[in-house]
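What follows is a single structure, written as structure tokens, with notes after it.
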Amino acid sequence: DGGSRAEICRVLGGPAVGDIRSRCLRLSDDATVEHRAVNALLAHRLPARDSLQAKEEWYAIVEGDHPLWSEISDPYKNTIRAFLVHFQANILRQATLKFDFANGSIGNYFFAGAR
């Protein structure tokens, strides 16, 4: 919906992850506060109109400092962050292409980091 799938494919290539993310979020458990927090994190989109603000928010998320992490336990947080860090490392390896985080889906970044 927001174009992060297209941006991921443009910079990193590979299959689209947005459909996988949306299906997994629909099937996920929301019985606990932590499960709802993980769902909220993976459903979160970065600001659409300001690429710099989106990039700054992305860094807060990938570094583990964003308020979205507040209800997520360290084991869950560290596991999710590992995939986000892997995604970030892949972005940085693409030195010739600049990645635009505007309107990016954290869930799409997570699944792109997991592939």
Side-chain angles (χ1 to χ4, degrees):
D1 294 355
S4 64
R5 176 204 53 82
E7 186 67 3
I8 291 167
C9 289
R10 181 183 75 80
V11 175
L12 297 178
V17 294
D19 291 339
I20 295 168
R21 175 197 46 86
S22 63
R23 293 329 179 266
C24 287
L25 286 176
R26 271 192 233 124
L27 294 171
S28 64
D29 186 7
D30 67 352
T32 69
V33 170
E34 183 170 50
H35 290 144
R36 289 188 294 276
V38 169
N39 288 346
L41 173 71
L42 296 179
H44 184 71
R45 282 202 175 270
L46 299 171
R49 301 192 194 288
D50 186 339
S51 292
L52 181 58
Q53 184 183 14
K55 187 176 185 178
E56 289 172 356
E57 185 174 355
W58 163 248
Y59 284 144
I61 290 169
V62 79
E63 291 172 4
D65 299 329
H66 195 279
L68 284 168
W69 293 111
S70 66
E71 299 293 331
I72 301 173
S73 66
D74 283 342
Y76 246 150
K77 179 179 178 179
N78 293 335
T79 300
I80 294 167
R81 281 191 62 233
F83 290 110
L84 297 177
V85 167
H86 183 69
F87 173 75
Q88 177 68 20
N90 285 327
I91 294 295
L92 293 174
R93 277 194 210 64
Q94 303 300 323
T96 59
L97 297 173
K98 184 176 179 181
F99 192 86
D100 185 2
F101 290 96
N103 205 34
S105 163
I106 301 306
N108 284 0
Y109 299 163
F110 171 81
F111 282 104
R115 63 182 171 134

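FYI, side chains are in, hydrogens and waters are out, and symmetry mates aren't considered; it's all heavy atoms of this structure.
One finds the OG atom of S105 at 8.5 Å from the CG atom of L46 (value rounded to the nearest 0.5 Å). To the nearest 0.5 angstrom, I80 atom CD1 is 6.0 Å from F110 atom CZ. Put simply, NE2 on H35 and CD1 on I72 are 10.5 Å apart, with the number rounded to the nearest 0.5 Å. To the nearest 0.5 Å, atoms CZ (F99) and OH (Y109) are separated by 4.0 Å. Annotation: the span from I91 atom CD1 to L97 atom CG amounts to 9.0 Å, rounded to 0.5 Å. For the atom pair CG (L41) and CZ (R81), the distance works out to 11.5 Å, reported to the nearest 0.5 Å.
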Candidate pair D65 and Y59, rule side-chain contact (heavy atoms from CB on, under 4.5 Å), full reasoning: CA-CA 8 Å; D65 299 329; Y59 284 144; over 6 Å; no
F101 vs E56, side-chain contact (heavy atoms from CB on, under 4.5 Å): CA-CA, chis, key distance, verdict: CA-CA 9 Å; F101 290 96; E56 289 172 356; over 6 Å; no
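Residues A37 and E71 share a closest heavy-atom pair of CB-CB, 3.6 Å. Nearest heavy atom pair, residue N39 against residue D30, reads ND2-CB, 4.1 Å. Residues A48 and A102 share a closest heavy-atom pair of O-CB, 3.6 Å.
For the pair W69 (side chain) and I61 (backbone), a donor-acceptor distance under 3.5 Å is present. Remark: the backbone N or O of P47 is not paired with any side-chain donor or acceptor of Q53 at under 3.5 angstrom.
For K55, the NZ atom is loosely surrounded, since the number of other residues' heavy atoms within 6.0 Å does not exceed 12.
Applying the ring pair (Phe, Tyr, Trp, His ring centres under 6.0 Å) rule to H66 yields the partners H44; only residues at least two apart in sequence or on another chain are considered.
Between the side chains of N90 and R93, at least one donor-acceptor pair of N or O atoms lies under 3.5 Å.
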